[in-house]
Amino acid sequence: KERKPESVRTSGGSLTPDERVMVIAPHPDDETLAAGELLAGAASRDIPISVLFVTDGENNPWAQLACEGRWPFGPSDRRHWGARRHAEARVALARLGVLDPAVRSLCLPDQHVTECLFDGGRGSVESLVSALHSFRPTLLVVPSASDVHPDHSATALLVDLALARLDRGESPRRILE
């Protein structure tokens, strides 16, 4: 039987067998675009992975018009689009070796993460704190606070608020933006 090396090198750095990788993605597909290589490397070494979508990506009418040839008029159309984006992301993640149970969503409203923070954000922050406590990541991959997409920069702030609520020994060893 072929023995797997102790660590794997990715553009995100070396991953060792004791890593626990969590990717926090504002929308389904951001995880694959931003961290696909890292996720594939971790999965190839059976390193525990968690992917957390902040939104379902349901509020993107131009993309839905381009892909489905129709304008999304109501809430059911947006839910349909969010479900489609989730399904596509799960297929992409499976090809990278990330199994379905590793994927969750906070279900915040797409294009409105900033407003959730202005409304106090307590439920959002507490949900993220709970996910961090549950998975205990050693490596956290998040969007940059300087990202120009409002959901991406708001996600970075949401992560900062959640990390501030963790005890000293609970924070990930490394954070990649």
Salt-bridge test for Arg84 and Asp56: reply yes if a basic N is under 4.0 Å from a carboxylate O, no otherwise.
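Between Asp56 and Arg84 there is no salt bridge, as every charged N stays at least 4.0 Å from the carboxylate O atoms.
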[X] and [Y]: which non-hydrogen atoms are nearest, and at how many Å?
X: Trp81; Y: Gly57; answer: CD1-O, 3.3 Å
X: Pro28; Y: Arg85; answer: O-NH2, 3.0 Å
X: Leu106; Y: Leu128; answer: CD2-N, 4.3 Å
X: His86; Y: Thr55; answer: NE2-O, 4.5 Å
X: Leu132; Y: Ala162; answer: CD1-CB, 4.0 Å
X: Ala89; Y: Asp29; answer: CB-N, 4.0 Å

Quick one: are [X] and [Y] in side-chain contact, heavy atoms under 4.5 Å?
X: Val54; Y: Asp151; result: no
X: Asp110; Y: Arg78; result: no
X: Cys116; Y: Pro109; result: yes
X: Val113; Y: Leu157; result: no
X: Arg79; Y: Glu58; result: no
X: Glu170; Y: Asp167; result: yes
X: Asp30; Y: Thr155; result: no

First locate atom [atom1] of [X], then atom [atom2] of [Y], and finally report the distance between them rounded to the nearest 0.5 Å.
X: Leu140; Y: Met22; atom1: CG; atom2: CE; result: 7.0 Å
X: Asp18; Y: Leu139; atom1: CG; atom2: CG; result: 11.0 Å
X: Ile24; Y: Leu52; atom1: CD1; atom2: CG; result: 5.5 Å
X: Ser124; Y: Leu108; atom1: OG; atom2: CG; result: 4.0 Å
X: Gln64; Y: Arg70; atom1: CD; atom2: CZ; result: 5.0 Å

Between Glu68 and His80, a side-chain donor and acceptor under 3.5 Å
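Per modelled atom types, Glu68 and His80 side chains form a pair under 3.5 Å.
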Polar contact flag, side-chain donor to acceptor under 3.5 angstrom, Asp147-Ser153:
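Short answer, no.
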Do Leu99 and Leu38 land in one hydrophobic cluster if side-chain heavy atoms of ILVMFWY residues count as linked below 4.5 Å?
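No: no chain of side-chain contacts under 4.5 Å links Leu99 to Leu38.
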Option from Val141, Leu96, Leu93 for which side chain to side chain contact (heavy atoms under 4.5 Å, CB included) with Glu31 holds:
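Among Val141, Leu96, Leu93, the one meeting side chain to side chain contact (heavy atoms under 4.5 Å, CB included) with Glu31 is Leu93.
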Tell me whether Ser134 contacts the main-chain N or O of Ser130 through its side chain, where contact means a donor paired with an acceptor under 3.5 Å.
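No.
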Just say parallel, tilted or perpendicular for the rings of His27 and His152, cut-offs at 30° and 60°.
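Geometry flag for His152 against His27: tilted rings.
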If you draw the axis of the six-membered ring of Phe53, does the NZ or CZ of Arg104 fall within 45° of it and under 6.0 Å from the ring centre?
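Checked: cation-pi criterion not met.
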Is the count of non-hydrogen atoms from other residues, nucleotides or ligands lying under 6.0 Å from Arg95 atom CZ greater than 12?
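Atom CZ in Arg95 is not packed in, count stays at 12 or less.
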In sequence, state the C-alpha distance, the side-chain angles, and the governing distance for Asp160 and Val142, and then conclude on side chain to side chain contact (heavy atoms under 4.5 Å, CB included).
CA-CA 10 Å; Asp160 286 346; Val142 300; over 6 Å; no
Applying side chain to side chain donor-acceptor pair (under 3.5 Å) between Thr138 and each of Arg174, Arg20, Glu19, report the one that passes.
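Answer after filtering Arg174, Arg20, Glu19: Glu19.
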Verify side chain to side chain contact (heavy atoms under 4.5 Å, CB included) between Ile47 and Thr16, making sure each step is shown before the conclusion.
CA-CA 8 Å; Ile47 293 171; Thr16 60; over 6 Å; no
